[in-house]
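First the proteins, then the strands, lettered A, B, ... as listed; each starts at 1.
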Amino acid sequence: MSEASKPKNFIREIIDADLESGRHTTIVTRFPPEPNGYLHIGHAKSICLNHGLARDYKGRFHLRFDDTNPAKESTEYVESIQADLRWLGADWGENLFFASNYFEQLFEWAQHLIREGHAFVCDLSAEQMREYRGTLTEPGRPSPYRERSVDENLDLFRRMRAGEFATGAKVLRAKIDMGHPNLNMRDPILYRITHAHHHRTGDQWCIYPTYDFTHGQSDAIEGITHSICTLEFEDHRPLYNWFLEHLPTPSKPRQIEFARLNMTHTLTSKRKLLQLVEEGHVSGWDDPRMPTISGIRRRGYTPESIHEFCDRVGVARRNNTIDLALLEFCLRQDLEERSLRRMVVLDPLKVVITNLPEDAEEWYEGPNHPANEAMGSRKVALTREIYIDRDDFMEDPPRKFFRLGPGREVRLRYACYITCTEVIKDEAGNITELRAEMDPESRGGSTPDGRKVKGTIHWVSAQINVPIEARLYENLFLKEDPEDVEGDGSYLENLNPDSLQVVAAFGEPSLRETDFSLPVQFERKGYFALDPDSDSEQLVFNRSVSLKDSWSKKAGK
RNA sequence: AGGCCCAUGGUGUAAUUGGUAACACAGCUGAUUUUGGUUCAGUCGUUCAAGGUUCAAGUCCUUGUGGGCCUGCCA
């Protein structure tokens with residue numbers, strides 16, 4: 001396949017050219033996470049890119065863990081990362097790999113470099129090495145150990161592996177050019193001594209290859225054709241290629257960099273996300289306010305919406321900040337079509353329908369979806385006392401307010417028209433209850449005289465309902481750029497104190513039997529997803545995203 | 001500042017590779033609507049700057065400006 005169905009981007013152009021020139025007959029991509037943290041929306045972009053390319057070009061997609069730093073990595077992350085990929089639908093099939101599986105081969109290649117005079121064992125301390133490295137504007141100086149003999153290097157390196165030296169005592173370095181303007185080429189470290197337990201290789205090794213010495217060669221071993229990474233690895237490409245040139249690798253992959261995803265009101269730094277979790281600003285990695293895959297999954301995002309989002313943000317080399325509104329748009333677009341509609345009152349205000357008897361119980365039918373009959377319907381119960389949402393009533397409404405007010409008539413969705421006849425308040429002047437009269441002719445939602453009511457509001461019987469807990473979320477950060485702080489302040493100052501609001505709400509009776517494997521829309525309020533904190537006693541819902549709300553926007557002015 | 005990279009509406013991404021700048025999101029207006037949702041119609045607004053090459057430049061060249069990355073024994 002020379003033409004992929006997806007819109008072009010510079011990477012697809014490179015692939016097309018490689019396929020056309022015969023440089024490759026098929027492509028192989030990979031997603032190479034380090035198992036030292038949870039995946040976030042930025043990783044989703046990379047996953048969708050790499051997996052999508054392999055799928056569209058009918059190539060292969062590998063999942064490879066870049067597990068070269070035992071101090072920071074663990075199987076907990078290996079598992080959560082796989083779960084996230086599965087949820088996203090990024091299927092790696094049989095192609096699950098670990099860089100640690102290549103340790104023996106890498107060790108062999110390191111010796112090859114030594115034999116060729118391209119690597120040496122260096123005894124400089126970390127501080128000394130920093131001094132010798134030079135700066136951005138000044139060249140570095142060669143290590144005094146640079147000219148050790150091949151035999152001595154070989155011997156030392158083998159003894160490093162044998163565990164004869166302490167952590168940090170020696171390193172193996174490539175012999176390239178201490179005067180190179182690219183600091184990565186100033187005799188970079190290939191191996192360091194770390195007496196630490198590795199989550200896969202156990203205590204088999206006490207020397208570990210660095211990222212630079214591992215990544216490209218792992219790509220080569222697996223036959224990766226296009227090694228796609230983010231822009232900050234650009235400066236590493238010359239080194240990536242240097243290893244490929246100096247080692248007898250089975251293939252010569254090509255590194256291509258693209259700009260990572262940034263999003264308004266959102267942080268995508270593993271370190272800072274970890275801080276939010278550890279300092280308790282959120283409940284955990286899967287807190288629905290987190291941009292982690294596990295967080296947005298719990299929030300109620302669908303894999304489809306994430307794929308759509310990734311397709312829409314595109315792939316390029318310039319720094320970007322995506323509007324969070326685009327992510328929300330993708331979710332709404334997906335959910336609008338698939339959600340079951342239910343009525344839930346989040347902020348209850350009691351309304352007594354005075355011309356309905358105490359024991360009245362009228363059941364009305366409402367479709368599960370306004371535009372898709374195949375999704376069926378459910379019944380809602382109308383009684384003398386009902387709840388409506390507090391913001392659907394105004395005692396002194398402005399002209400454009402279409403909802404309930406003294407003397408005003410509205411439609412109770414699916415049921416009938418009511419007119420507000422009385423407002424009851426407590427001593428403090430707070431509205432505690434409303435009295436209203438229903439038009440008996442309006443049962444079913446319209447009247448024979450065909451008169452129009454401008455407003456239709458949702459409601460729930462005060463007697464026949466399902467009490468639920470609703471968790472309403474707002475942006476975790478107030479500012480578009482969470483890092484936008486005065487002086488040397490911290491992004492923590494931009495945390496939104498109201499990012500979570502927990503409310504006791506009332507849902508319509510059918511909520512009890514609803515199949516929550518399908519997404520749900522609480523009519524006029526938003527899309528909600530059942531939270532795992534739910535049990536048979538208490539249903540808990542997360543607001544995934546609110547509905548677009550052109551009224552509050554207008555009213556806010 | 002040494003090197004590398006980037007620059008198209010408010011935000012992203014395109015532009016048959018030198019030939020009329022477009023799509024989406026956001027915003028705004030209106031219509032429809034038993035969700036102030038959805039849908040539909042419309043609207044706003046763009047090539048960082050200056051030179052150069054050319055019949056023709058968003059695209060090529062030069063310089064400038066602005067931004068990003070790089071001085072871990074992290075990835």
Side-chain angles (χ1 to χ4, degrees), chain A residues 7-9 13 32-34 36-37 66-69 71-73 122 124-126 129-131 133-140 167-173 180-186 188-194 207-208 210-212 214-215 229-238 257 259 264 270 312-330 332-333 336-337 341 343 366-367 369-371 400-403 410-415 417 444-446 453-458 480 521-526 546-555:
Chain A
K8 282 278 174 293
N9 59 50
E13 277 173 15
E34 182 189 14
N36 71 339
D66 245 335
D67 54 350
T68 57
N69 186 2
K72 295 186 176 175
E73 299 155 6
C122 181
L124 250 29
S125 70
M129 207 170 292
R130 199 171 315 134
E131 287 163 27
R133 187 161 33 229
T135 67
L136 294 177
T137 49
E138 304 155 23
T167 291
K170 295 183 189 313
V171 294
L172 181 74
R173 301 174 68 178
H180 200 110
N182 181 339
L183 297 259
N184 292 124
M185 300 299 272
R186 319 244 260 228
I189 293 174
L190 272 30
Y191 269 89
R192 71 279 211 193
I193 301 172
T194 305
I207 57 171
Y208 292 92
T210 55
Y211 163 84
D212 284 311
T214 306
H215 199 90
C229 62
T230 45
L231 248 27
E232 64 271 27
F233 291 99
E234 220 176 316
D235 289 347
H236 293 249
R237 181 158 25 97
E257 311 87 19
T264 57
K270 270 188 192 175
R312 282 171 178 264
V313 301
V315 181
R317 282 177 70 86
R318 68 170 138 163
N319 301 307
N320 59 78
T321 304
I322 309 295
D323 193 338
L324 179 57
L326 181 64
L327 216 211
E328 297 184 335
F329 165 81
C330 292
R332 288 194 188 102
Q333 178 182 251
E336 152 64 26
E337 209 175 305
R341 311 299 147 116
M343 292 197 290
H369 187 111
K400 287 288 206 172
F401 187 78
F402 304 147
R403 284 111 95 149
V410 296
R411 176 188 292 113
L412 294 182
R413 190 155 167 84
Y414 307 127
Y417 297 173
S446 59
V453 279
K454 196 78 170 130
T456 298
I457 64 173
H458 61 285
E480 276 202 3
Q521 180 196 113
F522 291 174
E523 301 206 50
R524 304 208 305 133
K525 286 295 165 186
S546 63
L547 252 35
K548 268 179 70 179
D549 182 2
S550 51
W551 163 245
S552 70
K553 228 178 274 170
K554 196 178 295 180

Scan nucleotides 13-19 of chain B nucleotide by nucleotide, 5' to 3', and note B when protein non-hydrogen atoms come under 4.0 Å of the base, S if they reach only the sugar-phosphate, - if neither.
BSS-B--
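A:Glu523 comes within 4.0 angstrom of a base, heavy atoms only.
For A:Asn69 and B:C74, the CG to P distance is 6 Å, given to the nearest whole Å. Between the C1' atom of B:U71 and the CZ atom of A:Arg186 lies a distance of 8 Å, rounded to the nearest Å.
Residue-to-nucleotide proximity on RNA chain B shows that, of A:Thr137 and A:Lys548, the 5′-proximal contact is made by A:Thr137. With the nearest nucleotide of RNA chain B identified for both A:Phe522 and A:His236, A:Phe522 has the one nearer the 5' end.
Remark: RNA chain B forms stems of 3 or more consecutive Watson-Crick or G-U wobble pairs, all pair distances under 3.5 Å, at B:2-7 with B:65-70, B:10-13 with B:22-25, B:27-31 with B:39-43, B:48-52 with B:60-64.
With respect to the salt-bridge test (charged N to carboxylate O, under 4.0 angstrom), the residues A:Arg341 and A:Glu336 qualify.
Straight-line distance between the P atoms of B:G58 and B:G18: roughly 13 Å, to the nearest whole Å.
Side-chain N/O atoms of A:Asp323 and base N/O atoms of B:G10 include no donor-acceptor pair closer than 3.5 Å.
Ring geometry for A:Tyr211 versus A:His236: interplanar angle over 60°, hence perpendicular rather than tilted (30 to 60°).
If you check B:C25, B:G37, B:C73 against the side chain of A:Glu336, the one that comes closest is B:G37.
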